[in-house]
Amino acid sequence: MSGNPFDSDDDESAASGEILEGFLCPICRADLKSIDMLTEHFAKQHAEEEATLKTFKDIFVKAKKKILNNFEDERVAGGASSSGSATASAASKNGNGDQKGPSNARSRMNVFNHMSKQQAGAECSHFEYFQSVRNPRLERYASETNKLIIRLHRLLKDMPTDSVQRRQHEQQTVAWLDGSSVKLCPSCAKSFHIARRQHHCRLCGGIMCNDCSKFLPLEDAMQLASLSTTRSEPLQQLHQNERAIRLCEHCLWLLDTRRDMHESRTCRPLLMQVYEQIRQLQKEVTPELDMYLKIINSLNDGDTIFTLADAGALRGKIGQVAEAMDLRSKRILAIFCEPGSREEALKKAIRLGCIKTIKDRMLSLPPLPDEEHIRQMQERRRMETEQRILTEQRMAMEAFERRNQAAKMAGESAAGPESRSFAQGTDLQSLNNWSAPQAATKVSLDDPLIEQINIIKGYIKQARQDMNFDVVETLELNLRELQREVYERQRQSQGSFPASPSEA
């Protein structure tokens, strides 16, 4: 029995058992190559075979459903079959052959449009295989590069300046390959002769010609080998033509890769470097701004810890920092970038931020007060201090008199040295920190307190030169405490007490 369903029993070719494939016409068995051509051929050549045409269409629809078995919507499949029927009907009506059917590729595209979306199939990750291949290769490159750097360090560490000794040193450090059996250059495959000599790589000992040789500058080699400048001083005497190391292309590529990797980790863009400088200047000037305001307030209050020269020097330093920040922000703005990019917007934002900081925090500082104003405030404070001392003395005298009256009423004698100690413990310092009555006798120079006072004064002078005004303030307060202590000791040793207002 023949495998063709359109075979008839009385056909002569049925006995041959031949199986025909393709888009065959059921009547004449011609291969039309596509569905559209088959439909058009059947409509033109066998239009009278209506029953056969209907059978052919039914078989075609069943075959189509069987091939496209992943159709989920029967309506889409029905629409596709009706569209095919309409096409066949239109072709059968046009019997003169003027209208041509669509091509085979277009028909396949139409079929694909009606197909549902393909579901994701099985997935297979090759990442582990990729790592298993990549990691050994990286380790091999890393170990090979480390060996090259070690050889480079040994090569440069004790390299002689003489050319003959240098050649012997290079051969002892790295064994050179024997070139007696090498006739061609491994890189360019050119033969060696008198005009094309053999050369050796100084790190791997490989053979190459002069055209295939690469040269590593001596300065870059010293940097890769991490040798200091003091060790490289003898190498500075080498001739200009000898200030390079001959390498093969592979060794130079490994060293360049290591250097590029190191630079990518350590080097930063110019924009970031300048911006960090601006941030460092802002960080350093912040405490100086606060100290300047503190000095101005101290001068306006009449205090003598700071001077007008201190405020002027600190204001000048703040102005220099503001100028440096402005110059660096302009430098950031001058760095080239693509117009309209985010980098350009970032540069403008940094520039505006610097301008705002300089304007709000540095240019808006209060001005320096006049010397006359400072003198008036100091005189006013001195008078207030003296008035406070007189008030304390008067209160002490009144308490002393009340005590004497109470002692007389109780029959006690109020005479004695304690009766004149009412003024002890009062604050007698004034503008110059030494306005209390001085002792008549000369103070011994061997007094440790006097020596400590002189040392602190020297520290204060040095701190003013360094404009470290926090230290100046602390030392000035300590100096006043020491001066007060010396004054109290002088009073106790000499027995001199200030007279009360009533005795004056």
| query | Can you tell me if Glu284 and Gln280 form a side-chain donor-acceptor pair at under 3.5 Å? | reply | yes
| Any side-chain donor near an acceptor of the partner, Thr145 and Arg258, under 3.5 Å | no
| message | Between Glu344 (side chain only) and Gly340 (backbone N and O only), is there a donor and an acceptor less than 3.5 Å apart? | response | yes
| Heavy-atom check, side chain of Cys209 versus side chain of Cys188, under 4.5 Å | yes
| Does a donor on one side chain sit under 3.5 Å from an acceptor on the other, for His262 and Arg259? | no
| Arg202 side-chain N/O to Arg246 backbone N/O, donor-acceptor pair under 3.5 Å | no
| task | For the pair Glu386 and Arg382, find out whether any cationic side-chain nitrogen is under 4.0 Å from an anionic carboxylate oxygen. | result | yes
| query | Got a donor-acceptor contact below 3.5 angstrom from the Gln198 side chain to the Val182 backbone? | reply | yes
| Between Asp370 (side chain) and His373 (backbone), is there a donor-acceptor pair under 3.5 Å? | no
| Leu254 side chain reached by Leu203 side chain, heavy atoms, under 4.5 Å | no
| message | Can you see whether Arg351 engages Ser329 through a side-chain donor-acceptor pair at a distance of less than 3.5 angstrom? | response | yes
| query | Under 4.0 Å between a Lys/Arg side-chain N and an Asp/Glu carboxylate O for Lys347 and Glu343? | reply | no
| message | Checking the side chain of Asp326 only, and the main-chain atoms of Ala322 only, is there a donor and an acceptor separated by less than 3.5 Å? | response | no
| query | Between Gln273 and Arg268, do the side chains contain an N or O donor and an N or O acceptor separated by less than 3.5 Å? | reply | no
| For the atom pair CG (Leu224) and CG (Leu148), what is the distance rounded to the nearest 0.5 Å? | 10.5 Å
| message | Looking at Arg166 and Glu170, is there a salt bridge between them, counting it only when a charged N and a carboxylate O are closer than 4.0 Å? | response | yes
| message | With a 3.5 Å distance limit and no angle check, can you tell me whether Asp220 reaches the backbone of Leu216 through a side-chain donor-acceptor pair? | response | no
| remark: ring pair (Phe, Tyr, Trp, His ring centres under 6.0 Å) filter on His199, not counting sequence neighbours, yields none
| Does the Ser298 side chain pair with the main chain of Lys294, one donor and one acceptor, at a distance under 3.5 Å? | no
| query | Between the side chains of Gln131 and Arg134, does any donor sit under 3.5 Å from an acceptor? | reply | no
| field | Set of residues satisfying ring pair (Phe, Tyr, Trp, His ring centres under 6.0 Å) with respect to Tyr141, sequence neighbours excluded | value | Trp253
| task | Working to the nearest 0.5 Å, report the span between CG of Asn210 and OG of Ser213. | result | 5.0 Å
| task | Could you check Leu475 against Leu479 for side chain to side chain contact (heavy atoms under 4.5 Å, CB included), going step by step and ending with a plain yes or no? | result | CA-CA 6 Å; Leu475 292 177; Leu479 180 62; over 6 Å; no
| said: Tell me whether Glu276 is salt-bridged to Arg279, with the criterion being a basic N under 4.0 Å from an acidic carboxylate O. | reply: no
